[in-house]
Amino acid sequence: MRTSQYLLSTMKETPADAEVISHKLMLRAGMIRRLSSGLYTYLPTGVRVLRKVEQIVREEMNKAGAIEVLMPMVQPAELWQESGRWEQMDAELLRFVDRHKRDFVLGPTHEEVITDLVRREITSYKQLPLNLYQIQTKFRDERRPRFGVMRAREFLMKDAYSFHLSQASLQQTYDAMYRAYCNIFNRLGLDYRPVLADTGAIGGSVSHEFHVLASSGEDAIAFSDTSDYAANIEMAEALAPAGSRPAATLPVTEIATPNVGSVADVAAFLNIPETQIAKTLFVLAAQEDGKPTSLVALVLRGDHELNEIKAEKLPEVASPLQFASDEQLRMLLGAGAGSVGPLGITIPVIVDRSAAHLADFVVGANKDGYHVTGVNWDRDISSYRVADLRNIVEGDPSPCGFGKLVIKRGIEVGHIFQLGEKYSQALKAGVLNEEGKHQIMTMGCYGVGVSRIVAAAIEQNHDEYGIIWPDAIAPFQVTLIPMNMQKSVRVAEATELLYQQLTAAGVDVLLDDRKERPGVMFADMELIGIPHSIVIGERNLDNREVEYKNRRTGEKQLLTLDSVVATVKGFLA
RNA sequence: CGGUGAUUGGCGCAGUUUGGUAGCGCACUUGGUUUGGGUCCAAGGGGUCGCAGGUUCAAAUCCUGCAUCACCGACCA
C-alpha cells in the first residue's frame, strides 16, 4: 500500500472527549471515528487491525474443532420471551418494532438464536458434541459507553456455543476452548492471564475470564506470587488467619464516643489500629414466604471491605444484596449506623474469618454515641457463624496454599462458561439419546471481545510517540520511509525496488510516498505503530545500504539493499 | 438513571463576566522554499457560534426550553 493511495487520517491533536490512551491513540492514528455515543466507524487502519485479530481467532477456533456460522443481528422478540430474558433484561436490550408491528431486539448475545437453530437441526446424540461460533457485531445499550471501543455499545465479538449430552463432554470442549484461548492470546502477542471468574446471573458452575494486563484495566485480579493461581478479585477466597485466636484479656467496657461513627474515626478517637475494630453491616435477610422483612448482621474487621458477591451467596442474605435503612436499624437496635454492633442481638450474625480471629475488639454499643471495648467471641457473643465475607487484599495468603496474593488490573477480553441447561431447558432443545429417550442438551458458551482486544493491545503496547503493535496484528508489518524521493531519482528507484520485492514476498508494507518532510513521515509511522521501518536516503545509498529501525526497541541497523527482504522476513518469523 | 460540566470552521481552543455583528494555532488550497525528526515565506478557501423561542436598536454573549456529548457514581450475560 502507498500512502498516496490510502486514507491515513492521522491527527496531531487529541479530540477532547478521549480519556484513555487507547481511545486517544486510535483517534489520532486514524483507526476510528465516533459516529454517536458508543458507536464508531473503523477507518482503513482500524479495519486492518480488526481483521487480523479476527483471523487469528477464527484460525484457532477452527483448529479447536469449532464450526463457523453467522446469525442475524436482528432477532425476534419471541425467542427472548421464550428464554425469559425479554422480561429479565432491562434497557440494555435494545427493542424495536418493525412495519408489521412485531417486536424485535438488536442482539446483545446469541444464546437464544443458536439454541433455536440447534433444536431444529440437531435430533440425535450422534450429532453431538457440537461447537458453533460466529464473529459478529453485537449491540448492548450500555448506560454509559466509555473508553472508546473498549466499552462501546456496538462491538465485534466472537461467540461460540457448544452442545452436549454429558458433563464430561462439556468439560472436554471447555478445556479445548481454554487451550484455544491461550493459543489466541499467545499469537496476538499480549500479556494475559486466565482467571477464575464468577458465573454471575447466568448460572453454571465453571467459568474463566481471560484478562489482558494493563494498569488502566477496569477489573482487579488477584494472583499468587508463587503459583499460577489467578482469580477475579470478587472470586478470590479470603482464608482464615493462621494460628489460633488470642485469649480474652479485657473486660467488656462501654465508653462514650460522641459524634464518632466511621471505623477511621473510632480508631483515631480510641487511639487503636483499625484492625482492633469489628464493623457490623446490617443487610436484609432472605425473605421467607409470608414473614416480615428481617435483617442479618455481617461482621468484618475494621480495615476490610465487604465482598457483596460472597455475601449474596449466603443462604441467610437477600439477593440482590440490600443494606438496611436507618429506620430499620433504629427499630431493631435503637441506634443508627456508626454505633451499631453484634452485642445482644437476636438476628443471625455472620462473621468474616478474619473478624472471627479478633480478641479484645471494639464494636458499636447499639446506643447512639457509644462503643464497647474488650469484646470477645464466645465469651460475649455466643450465637454466630463464620464465613468468608470480605474482599481479599494484597498480601493475603493465596487460597491455593502457595504464596501471597498480589493485585493487578486487567481488561476482560475473553470469557468461557459452562452454561448448563439454562437455555436448552427454556427452549426445549433436546435430542434422542442412545436409549432412544428425549434428553435436554447441556451447553457451554465462549466469548472473545474482538474490538476490545484492539484497544487492550494498545493499552498494553504504546509509548509517548504512539502505538507499538505486536507483529501479528499490526496494520502493516513494515513501512518504507524514503528521504526526498520526489527529487532524488536514486532514492525513488531504491524505494520502488524494495516495495516490489517486499510486496512480492508477501509482506504487508506501507510506502510513505507523500511529498512530506521526513519528520512528518517518521511521526506518522510511529503514531500508527508499524513495528518495522526502513529509511531510504541518499546518505546510505552510496554504500547501497538503507537503515532499519525497530519501533519497539528503537534499535537501528544498516542493511544492504540485497539483504532487506530476507532480514525483514526473519524479523517477522 | 443520579451528580457535574461542555457545545464557536476538519481538530484543539479564545471571545461570554461587562451585548456592538467572530478570532488564534494546527489542518486544507495555490505559488515559492526546504529535505534524516512535525521547515520557512506569501496569497487564499472554509463558521446561520448545538437547536427553538424570548429580551433588546443590536445576542456567540442575557433569559427560558430542548437536544447532543463527556466526566464522576450506580450498572455491566
Side-chain angles (χ1 to χ4, degrees), chain A residues 8-20 23-24 27-28 30 33-39 80 83-85 88-93 105 107-112 138-148 150-153 155 157 159 161 197-204 207 209 218-219 232 234 308-309 320-321 323 411-412 415-420 422-423 443-447 449 452 465-466 481-488 491-492 512 514-527 533-541 545-547 549 554 556 558:
Chain A
L8 268 185
S9 287
T10 52
M11 286 191 286
K12 251 193 232 183
E13 281 174 298
T14 310
D17 56 8
E19 184 72 8
V20 293
H23 189 193
K24 288 179 183 172
L27 289 166
R28 287 192 52 209
R33 290 291 181 262
R34 191 183 64 79
L35 177 63
S36 179
S37 181
L39 302 176
W80 289 76
S83 74
R85 289 208 284 187
Q88 275 168 30
M89 291 186 77
D90 58 359
E92 186 162 301
L93 182 64
V105 307
T109 174
H110 283 71
E111 279 87 3
E112 281 82 358
K138 304 273 188 258
F139 189 93
R140 295 182 194 173
D141 201 355
E142 295 276 353
R143 280 173 181 182
R144 190 179 156 206
R146 60 189 133 167
F147 305 149
M150 195 108 87
R151 183 170 289 281
R153 293 197 292 176
F155 56 97
M157 182 169 172
D159 50 325
Y161 308 87
D198 183 54
T199 46
I202 200 157
S207 174
E209 289 171 354
E218 287 190 87
D219 299 310
N232 191 301
E234 293 167 340
E308 300 194 7
I309 291 184
L321 187 88
F323 286 96
I411 300 164
E412 183 188 343
H415 201 162
I416 58 179
F417 277 94
Q418 296 190 9
L419 270 183
K422 175 167 174 160
Y423 296 95
M443 295 172 59
C445 88
Y446 320 93
R452 184 180 275 191
Y465 303 110
I481 308 178
M483 296 296 107
N484 200 18
M485 85 183 288
Q486 323 296 333
K487 290 251 175 79
S488 165
V491 169
D512 197 347
R514 291 176 296 173
K515 190 169 181 272
E516 285 289 356
R517 311 245 329 155
V520 173
M521 295 193 279
F522 288 132
D524 271 346
M525 295 304 120
E526 281 163 359
L527 172 62
S533 62
I534 305 284
V535 181
I536 304 101
E538 284 281 351
R539 194 198 280 175
N540 293 315
L541 278 182
E545 286 178 331
V546 292
E547 184 188 280
K549 184 175 178 187
K556 296 178 181 177
L558 290 175

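Below, read A as the first sequence line, B as the second, and so on, with proteins coming before strands; counting in each chain starts at 1. From a predicted model like this one, the values you see are computed outputs, not experimental measurements.
Across the protein-nucleic acid pair, A:Arg146 atom CZ and B:C72 atom P stand 7 Å apart, rounded to whole Å. In this structure, CZ of A:Arg143 is placed 6 Å from C1' of B:C1, rounded to the nearest angstrom. Nucleotide B:U34 holds its C1' atom 8 Å from the NZ atom of A:Lys487, rounded to whole Å.
Side-chain N/O atoms of A:Arg140 and base N/O atoms of B:A77 include a donor-acceptor pair closer than 3.5 Å.
Annotation: side-chain contact (heavy atoms from CB on, under 4.5 Å) contacts of A:Thr109 (sequence neighbours excluded): A:Trp80, A:Arg85, A:Glu111, A:Arg140, A:Tyr161.
Within 4.0 Å (heavy atoms only), A:Asp90 reaches no atom of the nucleic acid at all. A:Glu526 comes within contact range of at least one nucleobase, with a heavy-atom separation under 4.0 Å. Nucleic acid contact for A:Met157: base, since at least one base atom lies under 4.0 Å from a heavy atom of the residue.
Side-chain proximity of A:Met483 to the nucleotides B:G36, B:G12, B:C71 is greatest for B:G36. Side-chain atoms of A:Asp524 lie closest to B:G38 of the nucleotides B:C69, B:G38, B:G37.
Going from the C1' atom of B:C26 to that of B:U21 covers 27 Å, rounded to whole Å.
With rounding to the nearest 0.5 angstrom, the CD atom of A:Glu218 is 5.0 Å from the CZ atom of A:Phe147.
Defined by atom type and a distance below 3.5 Å, a donor-acceptor pair is missing between the side-chain atoms of A:Asn540 and A:Glu547.
For the pair A:Ser37 and B:A70, the criterion of a side-chain N or O lying under 4.0 Å from OP1 or OP2 is met.
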Any protein N or O atoms within reach of nucleotides 23-31 of chain B? Criterion: under 3.5 Å, listing atom names and distances.
from	atom 1	to	atom 2	distance (Å)
B:G25	N2	A:Glu13	OE1	2.7

